[in-house]
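Below is one structure, written out as structure tokens, with a few remarks after it.
Throughout, protein chains are lettered first and strands after them, A, B, ... in sequence-line order, and every chain is numbered starting at 1.
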Number of protein chains: 2
Amino acid sequence: MREVAALAGVSLKTVSRVINAEPAVSDEVRSRVVGAIQRLDYRHDHAASSLRRSDRKTSTIGVLLEDVANPFSSALHREIEDVALRRGVLVLAGSSDEDEAREQQLIAAFTSRRVDGLIIVPASHDHSYLLSERRAGTSMVFVDRPPGFLDADSILTDNQAGTRQGVGHLIAHGHHRIGYLGDLMTITTATERYQGYEQELAAARIGLDPQLVRLNVHGIDKADAATVELLKLTEPPSALFTSQNLLTIGASRALHRLDLHHRIALVGFDDVLLGDLLEPGITVIAQDPSTMGRKAAEQLFRRIDGDQSASVHLVVPTRLITRGSGEIRR
Amino acid sequence: MREVAALAGVSLKTVSRVINAEPAVSDEVRSRVVGAIQRLDYRHDHAASSLRRSDRKTSTIGVLLEDVANPFSSALHREIEDVALRRGVLVLAGSSDEDEAREQQLIAAFTSRRVDGLIIVPASHDHSYLLSERRAGTSMVFVDRPPGFLDADSILTDNQAGTRQGVGHLIAHGHHRIGYLGDLMTITTATERYQGYEQELAAARIGLDPQLVRLNVHGIDKADAATVELLKLTEPPSALFTSQNLLTIGASRALHRLDLHHRIALVGFDDVLLGDLLEPGITVIAQDPSTMGRKAAEQLFRRIDGDQSASVHLVVPTRLITRGSGEIRR
DNA sequence: TTATAAGTTGATAACGTTGTCAATTGAGTC
DNA sequence: GACTCAATTGACAACGTTATCAACTTATAA
């Protein structure tokens with residue numbers, strides 16, 4: 001910048017004015033400076049700028065996801081990116097892998113780079129460690145799961161209602177023995193979905209058979225194995241409810257291999273790509289990650305822009321998509 | 001930091017020494033400083049630090065993908081993240097959407113934040129605009145597609161060989177009229193794959209019927225429509241080769257809807273999740289995005305660490321996965 | 001003509017940190 | 001007791017930028 005100023009024959013401050021498009025610069029000086037910038041191939045240093053600047057904004061946000069490669073996470077990510085880019089804000093993304101330590105490590109890395117805000121799909125349950133961050137002015141929005149011991153904005157899915165609708169759908173098709181595959185119970189959404197299962201069974205006066213329930217099943221392969229176990233029971237289920245996208249895929253894989261996919265009903269929570277082309281198509285309770293991502297980003301930027309109002313808690317509804325697998329009758 | 005120094009009764013520089021774990025600090029002073037840091041909840045400012053520091057490293061890299069939500073892209077992204085995080089490096093990610101302007105906008109945003117390096121899946125073909133960046137010390141590695149007018153490291157897939165293997169597989173199953181769906185011809189990989197199609201037909205002495213070729217098909221819906229068109233021809237193809245993951249999904253959708261999925265053979269380039277559960281399963285030429293991401297990140301960090309050797313051009317092989325759709329005979 | 005205002009421009013300090021180098025202390029050596 | 005040396009600590013400048021405020025120029029009004 002010093003060289004640009006020298007070449008254009010002006011002061012540092014004037015170059016700064018041109019770069020920041022401040023009005024008080026004559027056209028003649030401005031064009032001289034612009035010329036010098038191009039001739040010298042000058043690149044503005046965003047970090048130095050935000051260090052000195054009064055608003056201290058880095059125009060960068062941190063996004064903590066479960067796994068950037070998971071379809072639900074990456075749909076969230078993409079929507080956040082689009083909202084952010086419209087404001088010239090860049091996105092630092094990280095995967096927690098449901099590991100509390102990794103969550104904290106990543107968030108510490110984000111905040112030490114002075115991000116303007118955080119969008120968090122939490123893996124841990126105690127976010128009091130973020131209190132001081134917030135006091136320091138970092139905005140934050142939680143997505144998919146609520147914060148623990150911290151009052152902050154959240155954009156959630158209605159997990160209980162969604163699960164109840166899915167399980168109810170199976171009951172309406174004559175099923176009483178409905179197997180359940182649940183993700184790690186440390187995950188809030190997994191707990192809520194399981195509660196939905198319990199409630200819907202109770203509402204239909206169906207006794208809960210613990211043998212039919214497999215909790216803490218994580219990933220495609222474990223779901224595949226758990227499905228095989230369930231179907232080997234002396235009184236196997238006539239239907240399955242799988243409470244997460246990878247579990248749905250695992251269960252579906254097992255059913256196909258055992259050639260039971262036309263006989264055992266299946267409803268999954270969260271949509272799966274290509275679910276419509278299978279035979280039968282997979283009936284799902286679809287979440288809406290794009291809307292969640294957009295709402296989360298919009299809320300974050302409202303906070304960054306200075307909105308101090310009380311915490312917002314938004315619940316995005318789910319949608320039952322019937323494609324065949326959930327309509328198999330007992 | 002000033003306050004920490006005051007509370008611990010030492011100078012700024014000593015606090016800096018403690019933070020950077022420099023050896024020349026007595027245990028007694030160190031513990032006083034550590035105590036003050038905790039009492040005051042001090043957060044180190046990474047940006048200010050790297051501004052002053054002699055190595056000028058920000059411990060941040062920029063990753064430009066086609067779309068963070070595309071399965072191929074997000075698998076790359078995840079692998080890069082894992083390599084980076086092991087070094088304490090954070091990842092800024094962005095989606096170009098195959099738009100040259102957006103590519104340049106994102107890369108400019110990355111470099112103005114002084115990233116240590118770039119991993120680029122390019123949308124454009126002239127990267128001479130990056131010359132000055134590289135001269136300024138930014139390392140860069142290209143993935144999936146080569147750089148244009150710039151000598152830089154690249155990690156590519158063998159698109160021609162992969163396509164030839166896939167088309168050859170169809171020919172071996174008796175097909176002569178093989179429809180081809182290609183992505184935007186501005187994308188290097190789309191061009192290479194099409195060349196593979198031409199070459200394999202020529203090698204088998206099969207004339208190329210332009211009616212069977214649909215290029216510049218982008219996204220699931222366009223692929224669906226193009227497939228319908230091909231099958232409506234008076235002399236329709238008996239097999240299809242779809243040269244990208246979304247095109248495979250679109251074609252598969254159309255075949256299922258027309259109930260031709262058991263009669264028309266299909267081989268796709270790039271694997272699709274759940275492709276094994278369809279009836280028939282989808283035969284694909286699988287790429288290996290995880291390996292590509294890992295190799296790209298490792299190469300980038302070698303450059304960041306000062307490796308000045310000649311550009312590396314790595315070609316990751318593809319793998320034919322037979323699942324049924326490609327083995328339908330004419 | 002002078003006073004006033006509006007529009008430009010620049011000198012300097014500061015953002016939070018680390019590199020350089022000099023100063024101080026204490027122990028060990030002869 | 002004087003000397004050397006290593007270990008520890010601090011003063012100050014600097015990284016690339018912008019905020020503040022003062023100074024200068026030109027136009028307008030009285």
Can a side-chain donor-acceptor contact be found between B:Thr60 and B:Arg113 if the only test is distance below 3.5 angstrom?
no
In terms of side-chain heavy atoms, does A:Ser73 have a donor or acceptor partner in A:Glu66 at a distance below 3.5 Å?
no
Sorted by number, residues from residues 23-34 of chain A placing a heavy atom under 4.0 Å from DNA chain C are A:Ala24, A:Val25, A:Ser26, A:Val29
Can you confirm whether the side chains of A:Ser124 and A:Gln104 place a donor and an acceptor under 3.5 Å from each other?
no
Base contacts versus sugar-phosphate-only contacts with protein, heavy atoms under 4.0 Å: please encode nucleotides 16-26 of chain D as B, S and - from 5' to 3'.
BBBBB------
Between B:Thr189 and B:Asn159: side-chain donor-acceptor atoms closer than 3.5 Å
no
Donor-acceptor side-chain pairing of B:Gln299 and B:Arg302 below 3.5 angstrom:
yes
Just by distance, with hydrogens left out, do B:Thr111 and A:Arg43 show a side-chain donor and acceptor under 3.5 Å apart?
no
Can you find a heavy atom in the side chain of B:His44 that is under 4.5 Å from one in the side chain of A:Ser112?
no
